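Below: one structure, written as structure tokens.
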Number of protein chains: 2
Amino acid sequence: MPDLPELSVAELTHVLEDFTRMHIRLPAERRLSFTTLSVLHTLAGGGPKRLTDLAAGEQVTQSAITQMVTKLEREGLVERRPDPSDGRAVLVRVTAAGAAIVEGRRNERTARLADLAARLAPGERAAIAAALPALARMVELHRTGEGVAGADPPSTAGGHDDEP
Amino acid sequence: MPDLPELSVAELTHVLEDFTRMHIRLPAERRLSFTTLSVLHTLAGGGPKRLTDLAAGEQVTQSAITQMVTKLEREGLVERRPDPSDGRAVLVRVTAAGAAIVEGRRNERTARLADLAARLAPGERAAIAAALPALARMVELHRTGEGVAGADPPSTAGGHDDEP
DNA sequence: TCACTTAATTAAGTTTCTGATATGTTCTCC
DNA sequence: GGAGAACATATCAGAAACTTAATTAAGTGA
């Protein structure tokens, strides 16, 4: 069999960091904060969630989530409803308007990537296509192997998230 | 010739979004804001830059960059020095301490990805390795084809960035 | 030389966080 | 079945990181 090239994880890290930066600075039509968009994304993709779960996922305090959901509710992007199985909890779900925002942003990203992909050689596109399942599996492994090293506490008081 | 699989840009978008979210919520040892880390990253990778250039790259106002650089300078992570070719401008460069932070975070990411990659099948790793050059070229195309649709104005007063 | 532009700073105000605390709900264990 | 621990959310004060607007200083050009 042919000697397959070994994967350079350092290069992979670099490339993914670059994509992260590309994705992050996507212009926002509405003035929604980073964490707000992340929460909408989470809700749109994974169904209703409690405030506590959202806080854990975003690595932000529960207080911040409460305040953010309150604001999003005023804007009609999410709904609060009692959790039938737990009287203490509240389930937050995205509204149609909220889902539309997430979808809109995804469409922008897809359009941008499609534009770039169109300028690649057919063989390059095929190579990326062939790698997609493996990349998706890495994400999946990450999700399932969560919380091993302990969830990290919220960062940067004043309300910002970290990146590159 | 064999019918190569067509690239699904939608799937690619999805996978990259997931990696973005993985990367972003990496725990920060030091309490540095999102934009701060992004600026350090930019400086560490591309050499000294003027405040204006940093502001354009981060899609944040010049004022915000001035304030951030002032803070970073107090902490010894960057240095300000006059631009020899333009008396109005200031060149910001990262210090060794600042570069160490960027490198440390990259190492954490690499370690995390290496852990995930180790759990893939050899064929999966090879598929990703084969796609890396094409992915890197997409990033390159993005960088060179910048500013086509006009740079977007800063968003989210109160100071937050946008993501998913 | 005088207006215009560009680069950086400063000041005031806004938004989104953290931290601490309060309130109501569920679980546990005697 | 009741007390107390644990949990889920809400509220409030203060801090951090932004924005806008105004200021200073340096290049550009007719």
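Because the structure is a prediction, the values reported are computed rather than measured. Lettering of chains follows the sequences in order, A, B, ..., and the numbering in each one begins at 1.
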Please pick, from [options], the nucleotide with the shortest atom-to-atom distance to any side-chain atom of [X].
X     : options                : value
A/R80 : D/dT19, D/dT9, C/dT9   : D/dT9
A/Q67 : C/dT9, D/dT11, D/dT9   : D/dT11
B/V60 : C/dT18, D/dA17, D/dC18 : D/dC18
B/V90 : C/dA8, C/dT18, D/dT9   : C/dA8
B/T66 : C/dT16, D/dT9, C/dT10  : C/dT10
B/T52 : C/dA7, D/dC18, C/dC17  : C/dA7

For atom [atom1] of [X] and atom [atom2] of [N], their distance in whole Å:
X     : N      : atom1 : atom2 : answer
A/F34 : D/dC18 : CZ    : P     : 13 Å
A/M68 : D/dT11 : CE    : C1'   : 17 Å
B/Q59 : D/dA17 : CD    : C1'   : 17 Å
A/D83 : D/dT9  : CG    : C1'   : 12 Å
B/L32 : D/dA16 : CG    : C1'   : 13 Å

Look at the side chain of A/R88 and the base of D/dT9, then say whether one donor and one acceptor between them are separated by less than 3.5 Å.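 Side chain to base: no pair below 3.5 Å.
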Is any N or O donor-acceptor pair between the side chain of A/Q62 and the base of D/dA10 shorter than 3.5 Å?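 Side chain to base: pair found, below 3.5 Å.
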Where A/P84 and A/L91 come nearest, the two heavy atoms and their spacing: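 Taking every non-hydrogen atom into account, CD-CD1, 4.3 Å.
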For A/T36 and B/D53, find the nucleotide of DNA chain C closest to each by heavy atoms; which residue's nucleotide sits nearer the 5' end?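 Nearest nucleotide further toward 5': that of B/D53.
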Please compare A/S63 and A/D86 by the position of their nearest nucleotide in DNA chain D and report the one closer to 5'.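 Nearest nucleotide further toward 5': that of A/D86.
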